[in-house]
There are 2 protein chains.
Amino acid sequence: MTTLTIRQMAHASGLSAHTLRYYEDIGLIDPVRRSASGHRCYSEHDQRWIAFLLRLRATGMSIQDMLAYATLRRDGQQLDSVVRRQQMLQQHVLTLENRLAALQDNLSVMRDKVVFYTELASTLQADAQPDSTGAAHDPITLSTRLEPPA
Amino acid sequence: MTTLTIRQMAHASGLSAHTLRYYEDIGLIDPVRRSASGHRCYSEHDQRWIAFLLRLRATGMSIQDMLAYATLRRDGQQLDSVVRRQQMLQQHVLTLENRLAALQDNLSVMRDKVVFYTELASTLQADAQPDSTGAAHDPITLSTRLEPPA
DNA sequence: CTGAAGCTTCGAGTGCACTCTAAGTCAAGC
DNA sequence: GCTTGACTTAGAGTGCACTCGAAGCTTCAG
């Protein structure tokens with residue numbers, strides 16, 4: 001029963017009031033119920049839908065595609081529509097799985113590079129102050145590290 | 001020693017020749033060595049850098065930030081520059097780790113939803129053809145599934 | 001020798017997703 | 001009763017990262 005004003009909805013969602021109206025305009029959000037004075041009251045149903053929209057958006061789905069999904073959703077329990085939504089989401093999940101794998105790969109390369117730069121920095125620092133640690137200078141460390149990994 | 005023409009580099013990188021020149025123009029790629037006739041020859045060093053740039057780009061780093069990194073890279077082994085690059089990458093890694101976690105969360109919600117829609121679809125199908133499988137009709141399956149999870 | 005590819009400069013155009021402005025009206029809370 | 005917030009339509013502006021095109025020249029491969 002907790003309905004929200006546009007301001008509250010904006011705050012809760014992280015979207016601006018502008019954007020919320022914009023989403024409603026283009027049909028991404030169904031027409032929101034109004035108070036007697038014509039102000040929007042976002043129902044919990046609206047809130048859940050917006051939360052899900054944010055997940056689609058956060059995972060890079062275009063407004064076009066979200067619109068297609070939102071349109072199908074209006075058909076409710078119609079078999080065709082349910083199947084199409086299932087297919088859309090399935091496809092999206094596959095896309096995300098690929099992106100996830102790519103991200104993990106990129107992440108591991110970047111972590112290696114961070115390690116490389118960290119080591120290079122301490123080597124350079126040691127060179128700048130050769131006897132500050134009391135450790136013997138090891139020229140091999142520097143010479144074997146001159147080239148960045150990528 | 002394998003140098004590439006702009007066309008080959010474009011093909012290898014997935015960038016257009018236009019974009020490769022554009023990247024060079026704005027300083028994302030150092031001036032590429034030229035043949036006697038003035039045509040670009042991408043060295044292996046260039047190729048490695050471009051490959052890394054693509055990783056930065058693929059992980060959502062803005063051109064501005066890549067530019068900052070590319071600029072630092074020109075300082076070579078200067079301690080300051082090395083430390084700054086290390087910090088930039090470290091920060092980027094942290095960003096990516098957050099994104100990775102968010103993506104995994106979103107992915108699990110979407111997988112659940114796919115399952116929900118799959119089950120709903122088969123329930124609806126069973127309803128449409130009540131005796132096609134010979135299985136007894138279970139009204140609870142339908143009635144407990146009327147509301148989507150989000 | 002000819003057609004495809006490369007070079008330059010430079011500016012305009014594209015697509016996406018907002019984001020904001022303006023102008024004017026209406027309504028609720030202190 | 002006045003400030004604040006909400007409403008409307010309609011259109012312009014923003015930022016990003018390309019992306020393309022034109023003009024006019026040179027050069028390489030078959």
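Chain identifiers are assigned alphabetically (A, B, ...) following the order of the sequence lines, protein sequences preceding nucleic acid strands; residue numbering begins at 1 within each chain.
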Practice task
Could you tell me whether the phosphate oxygens of dC18(D), OP1 or OP2, come under 4.0 Å of any side-chain nitrogen or oxygen in T19(B)?
Solution key: no
Problem - Protein-nucleotide distance (H18(B), atom NE2; dT8(C), atom C1'), rounded to Å - result: 12 Å
Exercise for the section: When you get a sec, tell me which of dA5(C), dC28(D), dA17(C) is the closest nucleotide to the side chain of R7(B)? Expected result: dA5(C)
Problem - Side-chain donor-acceptor pair present, S81(B), R85(B), cut-off under 3.5 Å - result: yes
Practice task
Flag the pair R55(A) and D105(B) as a salt bridge only when some basic side-chain nitrogen lies within less than 4.0 angstrom of an acidic carboxylate oxygen.
Solution key: yes
Practice task
To the nearest Å, give me how far apart CE (M9(A)) and P (dA6(D)) are.
Solution key: 14 Å
Fill in the blank from the handout: Taken to the nearest whole Å, CZ/R34(B) to P/dG6(C) is 12 Å
Fill in the blank from the handout: Note: for M66(B) and A36(B) on DNA chain D, the residue whose nearest nucleotide lies more 5' is M66(B)
Exercise for the section: Evaluate the criterion side chain to side chain contact (heavy atoms under 4.5 Å, CB included) for residue pair R73(A) and W49(A); output intermediate values, then yes/no. Expected result: CA-CA 10 Å; R73(A) 210 177 69 106; W49(A) 169 238; 3.4 Å; yes
Practice task
For S62(B), answer base if it contacts any base atom (sugar-phosphate contacts may also be present), sugar-phosphate if it contacts only those atoms, and nothing otherwise; contact means non-hydrogen atoms under 4.0 Å.
Solution key: sugar-phosphate
Practice task
Could you tell me the separation between the OH atom of Y23(B) and the P atom of dT19(D), rounded to a whole number of Å?
Solution key: 8 Å
Practice task
Give the rounded distance in Å between these two atoms: CD of Q64(A) and C1' of dC16(C).
Solution key: 10 Å
Problem - dG6(C) phosphate, OP1 or OP2, under 4.0 Å from R40(B) side-chain N/O - result: no
Exercise for the section: Ignoring hydrogens and angles, state whether a donor on the side chain of N98(B) or T95(B) is under 3.5 Å from an acceptor on the partner side chain. Expected result: no
Practice task
Check whether any side-chain N or O of R57(A) sits under 4.0 Å from OP1 or OP2 of dC18(C), and answer yes or no.
Solution key: yes
Exercise for the section: By nearest nucleotide on DNA chain C, pick out whichever of A17(B) and D25(B) is the more 5' one. Expected result: A17(B)
Problem - Distance in angstrom units between I6(B) CD1 and dT19(D) P, rounded - result: 14 Å
Problem - Aromatic plane relationship, F52(A) with Y69(A) - under 30° parallel, 30 to 60° tilted, over 60° perpendicular - result: tilted
Handout entry: Between dA17(D) (C1') and L56(B) (CG): distance, integer Å
Key = 15 Å
Practice task
Would you mind classifying the nucleic acid contact of H39(B) as base, sugar-phosphate or nothing, using non-hydrogen atoms under 4.0 angstrom?
Solution key: sugar-phosphate
Exercise for the section: Report the distance from atom CD of E24(B) to atom P of dC18(D), rounded to the nearest whole Å. Expected result: 15 Å
Problem - Y22(A), nearest nucleotide to its side chain (from dG6(C), dA17(D), dC18(C)) - result: dC18(C)
